[in-house]
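Notes to accompany the following structure.
Excluded from the calculations below are hydrogen atoms, water molecules and symmetry mates; all remaining heavy atoms, backbone and side chain alike, are included.
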Amino acid sequence: MSKPTIDEIRKAGFSTPWDAPTVPPFPFRFRNAEILTAFYRTDASHLAHLVPEPLVPTGDSVAIHIYRMNDTDWLGPYAETNVMFGAALPGKAEGAYSPYLFLSSEVGVAHGREIHGQPKKLATPRLEFRGDLIVGTVKRNGIDVVTATMPYKQIPADPTEMSVRFDFATNINLKAVDHIDRRPAIRQLTSRRLKDVEIHECWKGPCTVELRPNAQAPVFRLPVLEPLEGFYWKADFTLTAGEILFDYLTEAIQ
């Protein structure tokens with residue numbers, strides 16, 4: 001294997017180490033993903049505290065997705081959790097902003113941070129069935145910072161019901177990367193939308209959400225005022241390239 005040329009290094013999708021790259025190129029496919037999505041109502045002032053300008057929250061609902069990714073290109077099987085709430089860039093885009101993400105995959109953490117700018121950290125999300133209960137947990141530093149539950153497959157649901165509070169298929173993130181000399185290199189709001197989504201089944205029911213404090217995984221900053229509804233669903237989808245919504249280094253904030 002010959003070393004990469006300057007032109008090859010400049011190409012989109014290049015990753016290091018060059019002879020065994022860590023970050024996957026787009027697109028890559030997720031197959032047979034199982035997801036527990038729990039919605040709850042929080043204090044809107046807490047959302048306003050976590051969302052970066054010029055984004056604004058669009059409600060007072062939070063969604064916690066706990067994924068069991070059973071078959072993913074490049075990454076293999078792993079687990080992931082995305083904590084998000086509705087947000088908009090006025091006049092330009094609307095979707096869901098993610099203040100916290102947790103994964104069991106080092107490749108997933110590297111890809112999420114390097115490409116999307118997602119605030120991913122290593123943790124141990126888990127989705128399991130305990131008798132007639134679906135249980136999702138996120139463990140970080142030996143603490144279950146999230147515990148979400150819903151009944152096992154009691155009420156069939158239309159997948160479109162999951163988007164009533166906000167469109168979480170469009171994920172907005174704050175990407176921040178510095179040059180090695182400390183000058184800011186990237187300061188962007190980025191957006192990506194899942195493609196080729198095939199939902200194989202979807203169930204709904206009452207849910208519970210419990211948050212425990214952890215200074216390295218501070219999901220507790222979005223306190224649970226009222227559990228709303230849970231969904232358990234299985235799907236295939238493709239992760240493709242996204243877009244830059246706002247560049248803090250070149251655009252003026254109105």
Side-chain angles (χ1 to χ4, degrees), residues 29-42 59-72 75-86 96 98 100-105 108 120-140 142-169 171 194 196-214 217 219-220 222-239:
R29 186 75 171 162
F30 295 71
R31 290 171 291 273
N32 192 32
E34 298 176 70
I35 306 102
L36 171 61
T37 297
F39 286 96
Y40 68 90
R41 187 173 61 83
T42 193
D60 63 358
S61 297
V62 178
I64 297 183
H65 308 278
I66 300 176
Y67 306 83
R68 183 159 63 190
M69 307 296 198
N70 291 304
D71 181 9
T72 307
L75 281 72
Y78 75 102
E80 181 166 356
T81 296
N82 192 340
V83 181
M84 53 168 50
F85 54 84
S98 298
Y100 309 112
L101 291 104
F102 305 101
L103 290 83
S104 63
S105 164
K120 290 186 172 181
K121 286 190 171 185
L122 277 174
T124 308
R126 178 171 295 172
L127 180 60
E128 56 188 325
F129 307 127
R130 302 181 188 176
D132 59 355
L133 190 68
I134 302 172
V135 181
T137 57
V138 181
K139 185 183 292 291
R140 165 85 184 189
I143 299 170
D144 283 346
V145 295
V146 176
T147 301
T149 75
M150 69 169 281
Y152 183 86
K153 294 187 178 182
Q154 291 186 354
I155 306 171
D158 185 324
T160 60
E161 296 179 57
M162 293 189 289
S163 300
V164 170
R165 292 176 179 87
F166 52 85
D167 179 16
F168 61 74
N171 195 193
L194 300 178
D196 305 320
V197 179
E198 299 178 26
I199 297 179
H200 304 298
E201 59 177 298
C202 184
W203 302 82
K204 66 180 179 181
C207 73
T208 66
V209 179
E210 179 185 2
L211 308 177
R212 294 181 64 196
N214 180 323
V219 184
F220 72 93
L222 296 172
V224 181
L225 299 185
E226 178 188 11
L228 296 171
E229 197 165 36
F231 294 87
Y232 170 75
W233 48 296
K234 291 184 178 182
D236 303 335
F237 49 85
T238 301
L239 195 58

Can you tell me how far [atom2] of [Y] sits from [atom1] of [X], rounded to the nearest 0.5 angstrom?
| X | Y | atom1 | atom2 | result |
| --- | --- | --- | --- | --- |
| Thr137 | Arg212 | OG1 | CZ | 11.5 Å |
| Thr37 | Phe231 | OG1 | CZ | 8.0 Å |
| Leu103 | Lys121 | CG | NZ | 13.0 Å |
| Asp158 | Lys204 | CG | NZ | 8.5 Å |
| Glu34 | Asn70 | CD | CG | 5.0 Å |
| Phe237 | Asp196 | CZ | CG | 11.5 Å |

Can you check whether Pro223's main-chain N or O pairs, donor with acceptor, with Thr42's side chain at less than 3.5 Å? yes
Ion pair [X]/[Y], N-O distance below 4.0 Å:
| X | Y | result |
| --- | --- | --- |
| Glu201 | Lys153 | yes |
| Arg130 | Glu128 | yes |
| Glu198 | Lys234 | no |

Could you tell me if the side chain of [Y] sits less than 4.5 Å from the side chain of [X], heavy atoms only?
| X | Y | answer |
| --- | --- | --- |
| Val138 | Arg126 | no |
| Leu194 | Thr238 | no |
| Cys202 | Met162 | yes |

Taking all heavy atoms of [X] and all of [Y], pick out the closest pair and write down the distance.
| X | Y | result |
| --- | --- | --- |
| Ala96 | Met84 | CB-SD, 3.6 Å |
| Leu127 | Ile134 | CD1-CG2, 3.8 Å |
| Pro213 | Phe220 | CA-CD2, 3.7 Å |
| Met150 | Gly230 | SD-C, 3.6 Å |
| Ala38 | Val209 | CB-CG2, 3.7 Å |
| Val219 | Phe102 | CG2-CE1, 3.7 Å |

Begin from the C-alpha positions of Lys139 and Asp144 and carry the test salt bridge (charged side-chain N to carboxylate O under 4.0 Å, His left out) through to its verdict. CA-CA 4 Å; Lys139 185 183 292 291; Asp144 283 346; 3.1 Å; yes
Stepwise side chain to side chain contact (heavy atoms under 4.5 Å, CB included) test for Val146 and Leu211: CA-CA 5 Å; Val146 176; Leu211 308 177; 3.9 Å; yes
For Tyr40, the ring pair (Phe, Tyr, Trp, His ring centres under 6.0 Å) test, sequence neighbours excluded, returns none
With Phe168, which residues qualify under ring pair (Phe, Tyr, Trp, His ring centres under 6.0 Å), at least two apart? His65
Arg41 and Ser61: side-chain hydrogen bond (donor to acceptor under 3.5 Å, both in side chains), yes or no, with the steps? CA-CA 5 Å; Arg41 187 173 61 83; Ser61 297; over 6 Å; no
Please name the residue in the list Asp236, Asp71, Leu239 that meets the side chain to side chain contact (heavy atoms under 4.5 Å, CB included) test with Phe30. Leu239
Check the pair Val83 / Val62 against side chain to side chain contact (heavy atoms under 4.5 Å, CB included), numbers first and verdict last. CA-CA 7 Å; Val83 181; Val62 178; 4.1 Å; yes
Leu101 vs Thr81, side chain to side chain contact (heavy atoms under 4.5 Å, CB included): CA-CA, chis, key distance, verdict: CA-CA 6 Å; Leu101 291 104; Thr81 296; over 6 Å; no
Working note: Ser98 + Asn82, criterion side-chain hydrogen bond (donor to acceptor under 3.5 Å, both in side chains); need CA distance, chi angles, decisive distance, verdict. CA-CA 7 Å; Ser98 298; Asn82 192 340; 2.7 Å; yes
Using the side-chain hydrogen bond (donor to acceptor under 3.5 Å, both in side chains) rule, take Ser104 and Thr124 through it: C-alpha gap first, then chi angles, then the decisive distance, then the call. CA-CA 5 Å; Ser104 63; Thr124 308; over 6 Å; no
Phe129 ring center near Tyr152 ring center (under 6.0 Å): yes
